[in-house]
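Below, all heavy atoms of this structure are taken into account, side chains as well, without hydrogens, waters or symmetry copies. Chain letters run A, B, ... following the sequence lines, proteins first and then strands; every chain starts at 1.
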Amino acid sequence: MKKDVSEILRDLLTEALLEIAGERGKTLDEELIVEIERPRREDHGDWATNVALQWAKFLGEKPRILAEDIVRRLEHSEYLKEVKVAGPGFINFVLSDKWISDLLSNVIEKQEDFGRVDVGKGRKVQVEFVSANPTGPLHVGHGRGAAVGDICANILSYAGWEVEREYYINDAGLQMELLGKSVQARYFEICRKPELVTFPEDGYKGAYIYEIADKIREAEGERFLDADPEKSLVFFKDYAISDILKGIKEDLSRFGVVFDVWFSEKSLYEGDAVERTIATLKENGYAYDADGAIWFRSTAFSDDKDRVLVRSNGVPTYFMSDVVYHKNKYDRGFDLVIDVWGADHHGYIPRMKAAVQALGRKPEDLEVLLIQFVNLLRGGEQVAMSTRSGEFVTLREVIEEVGIDATRYFFAMRRSDSHLDFDLDLAKSTSTENPVYYVQYAHARINSIFREAESRGAPLSRDPSEVDVMLLKEPEETALIRQIASFPDEIKKAAEEFAPHRITFFAYELAGAFHSFYNAHRVLGVNEDLEAARLCLTKATKVVLAKALDLLGITAPERM
RNA sequence: GCGCCGGUAGCUCAAUUGGAUAGAGCAUCGGACUACGGAUCCGAAGGUUACGGGUUCGAAUCCUGUCCGGCGCGCCA
């Protein structure tokens, strides 16, 4: 297909509207006038538009009359079977069979590129996600962020953005000291000299701290018992960070998440980036000294209050790091920066947006995705978790229990900014309620059809143009075709809204449309022409379903 | 106290960003092909979109007030 049908319709409508506006001596902004959508209800046609309703007032005409006027002016197109005015002034389009034929050959020809769109226009975007402090293993909450960030990156890349994935390592600051002390104290405890180093007040109490201390004792023996604890602390700290980070990397890679860049917070302080950033801000009047500290004038960008960048004791704040870090991001040439944060950080957004503006960028150049908490359920009961006591369910445990596919699917099943109930029993069940299996089963079933067709010697790879797809007239067939046809549009929306859950929903609905079709009609063993047409449809379904699963990072099994 | 997010069927959630008769799954009830995989399908029932007011051709969606829930408001990270 040279041009998407929706594009053709949009052009026709634009033309008609401009003509009408011209006759009435009004000027319309050519860019913004035509919205075209796929109606919910099938009897409202294949496509619909509400332009007549939107522009009725401006053009000084009643919606219905305007709609009729527009319809009268629409040029004939081979894709259009019927155009009618409905309701308060909607214009509904029914497409001709040629459209179906073109669509299916298009899918089969383009294969996994069928849904590719170009909302990104080649611009560069960075998705920074997970970025958990290296103070302990990843837990389920991080897992959701990992899935959402990764899928988002997949979608953006498929939608024409040039994407880079980045993990920000918070390896500077007090938390790292605390981690080092925690490990050190456990080490002395294991060596039966707990009196030499006491466990810090707010130290990390998890069992993994003992494991790290154990490893150190195995590798280094008890040589630190004679050393000055003040001096050996660095060793414990560095060892702990790199050990934990190694575990995090393993967990993520097993989960199918691969980062292009691991960015160290500490590296920000190695050059003069901090000083330069402060200097720039001061020059522009966005930073000032007061009470012995250096402040950021975030109130200049509608934040509640100004924020401290460098404390009066000379130690920069976490926010300072973030300002410098984001400057660094933009300096690397990203047109758009996406931060994936836990929802509890939402109060942080105004100051970060302010910082972005102070750095000379538009607030839209930073997009913050908030990830709400995950509620783990087992046997209908909430699984208790508390980071403070070191009792939490790790991502690794969940993956081991329910598998990668189900874990990713569940994390992407809801809007990311709404709470998620993750039912462990459901996720690992192979029962009918498990949506993961529902979707994967559709794919396996399709492959089963092709295996069967092959063994029967049916012609598998007939060119769609030689197949009479107009034979596909049953409601279940039409519904399936419509679902397939909406894929590019769905990608577009998912990319514009940074909304991975849209793909999950789409895959589920596509699987559903296929199951219905499958149960209502036979693919094989009907007459030859119809069989060929249905094989085409089945093939197209497979292509799109596999791509949707691919974007989600979930396998599309040949058999189950 | 101020701010942000939410409140949709018994439960878990959607809703093309202001569109047409608010949709799915689970649970409940009733059904389906001796044939391509029953991990499937079809149907029924289920709603004053928390509540009141407003904006307009049209509101779950926007503005406003009230109620309920979560979170945030440090020279913490």
Minimum heavy-atom separation for A/F506 to A/A548, with atom names?
-> CD2-CB, 4.3 Å
Per the atom types in the model, does the base of [N] pair as donor or acceptor with the side chain of [X] at under 3.5 Å?
X	N	answer
A/H515	B/C41	no
A/N92	B/A20	yes
A/S312	B/C75	yes
A/N50	B/G19	yes
A/E490	B/U16	no

Does a side-chain N or O from [X] land closer than 4.0 Å to OP1 or OP2 of [N], or not?
X	N	answer
A/K305	B/G74	yes
A/S418	B/A14	yes
A/H501	B/U12	no

Taking atom C1' in both B/U16 and B/U55, compute the distance separating them and give it to the nearest angstrom.
-> 24 Å
Gap in Å between the two P atoms, one belonging to B/G23 and one to B/G37, rounded = 35 Å
Does the ring of A/H44 meet both stacking tests against the six-membered base ring of B/A20: centre distance under 5.5 Å and plane angle under 30°?
-> yes
Answer yes or no for this row: A/Y441 ring on B/G37 base, centroids under 5.5 Å, planes under 30°.
-> no
Name the pairing partner of B/U34, where a pair is Watson-Crick or G-U wobble with both distances under 3.5 Å, or state none.
-> none
Which nucleotide, in any strand shown, forms a Watson-Crick or G-U wobble pair with B/A59, with both distances under 3.5 Å?
-> none
Any idea how A/F487 and A/Y158 line up, ring-wise: parallel (<30°), tilted (30 to 60°), or perpendicular (>60°)?
-> tilted
Taking the inter-plane angle between the rings of A/F373 and A/H419 on a 0 to 90° scale, is it parallel (under 30°), tilted (30 to 60°) or perpendicular (over 60°)?
-> tilted
Hey, does A/D421 reach any base, or is it just sugar-phosphate, or nothing, if we go heavy atoms under 4.0 Å?
-> sugar-phosphate
Taking the six-membered ring of A/F296, is the NZ or CZ of A/R351 close enough (under 6.0 Å from the centre) and on axis enough (within 45°)?
-> no
